[in-house]
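Notes to accompany the following structure.
When a residue number appears, it is its place in the shown sequence, counting from 1.
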Amino acid sequence: MINEKAALRERALALRKAAFERHGAEAGRRLAAHGLDFLSPRPGITVSGFAAIRDEIDPSALLDWLHREGFKLALPVMEGRGKPLVMRAWAPGDEMSTVQWGIREPLASKAELYPDVLLVPLLAFDRRGSRLGYGGGFYDRTLQKLRARAAVTAVGIAYDELEVDAVPHESYDQRLDWVLTPSGPIKCNAN
């Protein structure tokens, strides 16, 4: 299983780089145009996004729109290897720190929030809700922790080109409920 994931990760990184070069910032604008209406979200819920790195699809236009619509926002903060992420309050324009791998995070002074919706970066996804990340397990541990506390909807954020027939899935991998691509939302079905 580890070798399958490593091979898929290598292919997916190349696909993502090509998608980024082909679509650029337009992909993020198309995400924002879809919004999260497909979830029928309650006003004022908390949505945790992420600050894109390298050639990840950039959800900042979507986060800006959510902020203007009155949603509470959070971004992830790494607490260390093997630990779940902590989601801290964030709004567009907030000062941020830069940490490992060039990831930007809210300052430690920001309040911890528990999101209702978690936007998840990925390298590959399938329609059963399996996702391939970088291999650190941060989002799997985070979703497990959050879902033990309350219902959380996990929405993968990806270029359309990152869809595959099947992502190798292990028992500890947390499934996505939806994937939002520039072409629109995809409801995941674990069956």
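Atom CD1 of I53 and atom CD1 of I103 lie 4.5 Å apart (nearest 0.5 Å). Rounded to the nearest 0.5 angstrom, L176 CG and C188 SG are separated by 5.5 Å. Taking CG of N189 as the reference point, atom CZ of R127 lies at 11.0 Å (rounded to 0.5 Å). Atoms CG and CG, from L8 and L123 in turn, are 8.0 Å apart once rounded to the nearest 0.5 Å. Considering CG of D140 and CD of E170, their distance stands at 9.5 Å, rounded to 0.5 Å. Atom CZ of R175 and atom CZ of R147 lie 10.5 Å apart (nearest 0.5 Å).
D94 places none of its side-chain heavy atoms less than 4.5 Å from the side chain of P106. Counting heavy atoms from C-beta outward, R149 and Y114 have side chains that approach closer than 4.5 Å. Between L39 and P185, every side-chain heavy-atom pair lies at or beyond the 4.5 Å cut-off. Residues P43 and F71 have side chains not in contact (no heavy-atom distance under 4.5 Å, counting atoms from C-beta outward). Two residues are said to be in side-chain contact when any heavy atoms from C-beta on lie closer than 4.5 Å; E163 and I186 meet this criterion. Contact check for T142 versus M87: side-chain heavy atoms found under the 4.5 Å cut-off. Side-chain contact between L62 and L119: present, with at least one pair of heavy atoms (C-beta onward) separated by less than 4.5 Å. Looking at P84 and F138, their side chains never come closer than 4.5 Å, going by heavy atoms from C-beta outward.
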L143 and L118: CA distance, side-chain angles, deciding distance, side chain to side chain contact (heavy atoms under 4.5 Å, CB included) verdict: CA-CA 8 Å; L143 279 166; L118 185 65; 3.5 Å; yes
Worked verdict on W90 versus L113 for side chain to side chain contact (heavy atoms under 4.5 Å, CB included): CA-CA 10 Å; W90 174 83; L113 298 179; over 6 Å; no
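With no hydrogens or angles considered, no side-chain donor-acceptor pair links T153 and D177 at under 3.5 Å.
Here E95 pairs with nothing under the side-chain hydrogen bond (donor to acceptor under 3.5 Å, both in side chains) rule; sequence neighbours left out.
If you run side chain to side chain contact (heavy atoms under 4.5 Å, CB included) between F125 and each of V120, L132, T181, only T181 comes through.
Environment of CZ in R81: sparse, with no more than 12 heavy atoms of neighbouring residues, nucleotides or ligands closer than 6.0 Å. Within a 6.0 Å radius of NZ in K187, more than 12 heavy atoms belonging to other residues, nucleotides or ligands are found. Within a 6.0 Å sphere centred on CD of E10, other residues, nucleotides and ligands contribute 12 heavy atoms or fewer.
Contact detail for K145 and E112: the closest heavy-atom pair is NZ-OE2, 3.9 Å. Minimum interatomic distance between G35 and L180 (heavy atoms only, all atoms of both residues): O-CD2, 3.8 Å. Closest approach of P121 to E56, counting heavy atoms only: CB-OE2, 3.8 Å.
In this structure, R16 contributes its side chain and Y159 its backbone to no donor-acceptor pair below 3.5 Å. Formation of a donor-acceptor pair under 3.5 Å by the N3 side chain with backbone atoms of A6 is not found in this model. Listed for the R104 side chain is no donor-acceptor partner under 3.5 Å among the backbone atoms of S97. Using a distance-only test at 3.5 Å, with no hydrogens or angles considered, no donor-acceptor pair links the side chain of S130 to the main chain of H169. Side-chain N or O atoms of E105 include none that pairs as donor or acceptor with a backbone N or O of M96 at under 3.5 Å. In this structure a side-chain-to-backbone donor-acceptor pair under 3.5 Å is missing from D58 to G28. In terms of modelled atom types and a separation under 3.5 Å, the side chain of R141 and the main chain of G82 share a donor-acceptor contact.
The residues R131 and D173 are annotated as not salt-bridged, no charged nitrogen and carboxylate oxygen being separated by less than 4.0 angstrom. A salt bridge is absent between R128 and D165: the closest approach of a Lys/Arg side-chain nitrogen to an acidic carboxylate oxygen does not fall below 4.0 angstrom.
For the pair R54 and Y134, the distance from NZ or CZ to the six-membered ring centre is under 6.0 Å and the angle to the ring normal is within 45 degrees.
Among residue pairs with one or both ends in residues 21-51, those qualifying as ring-ring contact (aromatic ring centres under 6.0 Å, His included) are F38-W178; sequence neighbours excluded. For residues 18-45, every residue pair satisfying the salt bridge (Lys or Arg N to Asp or Glu O under 4.0 Å) rule, not counting sequence neighbours, is listed here: K17-E21, R22-E161, E26-R29, R42-D116.
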